[in-house]
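The structure appears below as structure tokens.
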Amino acid sequence: MTIILYTLCFAAFVGVRVAADNERICFSNKFKFGVATAAYQIEGAWNVSGKGESIWDRYTHNYPERVFDHHNGDTAADSYHLYKRDVEMMVELGVQFYRFSMSWPRILPNGLSNEINEDGIIYYNLLLNELKAHNIIPLVTMYHWDLPQTLQDLGGWTNPIIADYFVDYARVLFESFGDTVDTWLTFNEPYSFCYEGYGGDAAPGANASGFEDYLCGHNVLRAHGMVYRMYQQEFADTQKGHVGISLDFAWQEPATTSEEDQHAAEVVRQFFFGWFAHPIFSQAGDYPAVMRKRIDYISKRQHFPRSRLPTFSPEEVRMIRGSADFLGLNHYTTYLVKRNRNKIAPQPSFMTDMGGTLSQKPDWPKSNSTWLKVVPWGFRKALNWVKAEYNNPITIITENGVSLEAGLQDSRRVNYLDGYLRALHNAIFKDKCNVVGYTYWSLMDNFEWLRGFSERFGLYEVNFCSANKTRTARLSAGFYSKLAKTKCLPVSWGV
Ligand code: GBH
């Protein structure tokens with residue numbers, strides 16, 4: 001225990017070094033900068049004031065050994081009690097908006113709308129009032145992975161009934177907060193929670209890749225479309241808000257110039273991103289053709305009587321197509337893709353269906369997360385691909401950021417920001433990509449899912465050992481605040 005706490009509380013100090021440039025890089029005055037968090041990663045208070053159990057509560061309690069250092073989000077950054085300090089930090093940063101998520105089981109303890117937890121409503125109203133008092137716009141995610149455990153007991157996202165329950169939950173949110181909140185995200189990264197949660201070993205840990213991940217994705221897409229249509233019918237006239245979705249898009253670069261690797265990279269983009277983007281944002285709607293074709297074919301070869309990828313009815317295709325006012329894009333890193341020439345294995349697998357092998361270049365700068373390498377040019381390519389593929393949709397970057405070790409002198413985070421924001425600037429001004437806002441992940445260090453508290457993404461460092469979870473601005477917070485206030489990249493920062 002002592003060792004664990006020591007690791008968690010140890011702050012490393014590194015030198016400060018920032019790249020300078022003579023040319024001033026500015027975004028338009030209308031462009032908005034914000035910061036992001038998610039309920040389970042910061043709130044704590046997992047079982048107080050009437051909150052129900054979520055799948056992450058259950059999972060971290062039942063399988064502590066699956067989380068780095070056996071940590072969990074029981075207290076996290078304690079934002080349930082410290083939200084005023086959180087907003088104070090946003091004021092220090094000078095950001096225009098705050099992206100946070102609402103916890104479904106905090107609002108509906110048993111997942112269903114017959115029982116509303118008033119304390120949950122009060123908590124989010126307090127937070128929203130605090131934001132309003134400081135002119136910070138809320139951008140609210142309805143679902144950032146903390147499903148009520150009661151609904152997981154019914155199969156969670158693999159059970160089609162969940163789309164109805166999600167609509168019921170969304171209606172409670174629109175009714176309770178719709179006069180204050182006008183920009184909503186239904187889901188955060190369906191790819192991540194379907195593939196890692198139902199296909200892998202993130203909560204609920206179903207580990208049924210190539211099967212349950214597709215069932216999850218199918219119901220998430222239905223649920224998203226249904227919420228969008230419900231909002232148009234019941235709330236849009238009076239509330240005049242906007243509904244979108246956040247999708248994760250790592251750039252997929254062909255590993256070689258060979259035709260087959262070019263092709264493999266495109267297939268991988270369609271599997272990772274097109275899986276959710278194509279049904280919503282393309283002209284044709286429905287799953288990407290290549291995904292349909294490959295999974296149908298491989299399912300047959302594996303002797304399944306029907307495809308492992310479920311089918312939408314024509315009404316569902318129409319209902320889902322166009323069901324977003326904007327695209328929320330989460331982007332962190334880049335991969336290289338080679339064609340996978342292995343024989344088709346008998347057991348289902350998303351990776352086999354996709355047919356590509358992913359890697360990263362050893363000389364790309366590292367972060368504190370194995371999957372996250374620093375590749376700014378991939379950001380610009382990803383944005384251009386989205387522009388070409390989906391007719392340049394209105395886009396908000398809903399997450400971008402980097403993990404490092406503890407310590408306040410995070411010049412490497414400043415370098416990451418500088419590089420990625422230059423790439424974004426080129427995408428907007430040179431390539432005319434329709435991006436209207438940028439969100440840094442994260443406002444502060446938080447519970448990084450299976451990685452516990454070991455990967456820190458915060459502009460503010462959180463001392464998880466202190467009783468009051470002290471938050472301290474890092475070097476990068478000063479950089480970001482200058483950017484948010486002036487809309488220009490600080491020319492030389494630090495030294
Ligand atoms: C985002 O996912 C999430 O929206 C956010 O909650 C999270 O804190 C942030 O990124 C930083 O990770 O540990 O090797 O199993 C970004 C996509 C999903 C990629 C989780 C890494 C875990 C890989 N990430 N995934 S691993």
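Ligands are counted one by one from 1 in listed order, and the atoms in each one are counted from 1 as well.
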>> Students often mix this up, so state it plainly: with edges at 30° and 60°, are the rings of Y440 and Y480 parallel, tilted or perpendicular?
In response: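 Tilted: the ring planes of Y440 and Y480 meet at 30° to 60°.
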>> Could you report the tightest heavy-atom contact between C216 and F193, atom names first, then the distance?
In response: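 C216 and F193 have their closest heavy atoms at SG-CE1, 3.8 Å.
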> Looking at A76 and F464, what are the two nearest heavy atoms and their distance?
Replying inline: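 That closest heavy-atom pairing would be O-CD2, 3.6 Å.
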> Is any side-chain N of the basic residue among D431 and R380 closer than 4.0 Å to the acidic one's carboxylate O?
Replying inline: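 Looking at R380 together with D431, the answer is yes, because their closest N to O distance falls below 4.0 Å.
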>> Which protein residues come within less than 4.0 angstrom of ligand 1, counting heavy atoms only?
In response: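 Lining ligand 1 at under 4.0 Å, by heavy atoms, one finds Q41, H144, W145, N188, E189, S192, E196, D248, Y332, W371, E399, W441, E448, W449, R451, F457.
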>> For a side-chain contact (heavy atoms from CB on, under 4.5 Å) check, start with the C-alpha distance between Y195 and M351, then their side-chain angles and the critical distance, and finish with the verdict.
In response: CA-CA 10 Å; Y195 173 72; M351 286 297 171; 3.2 Å; yes
> Of all residues at least two apart in sequence or in a different chain, which pass the salt bridge (Lys or Arg N to Asp or Glu O under 4.0 Å) check with D86?
Replying inline: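 R471.
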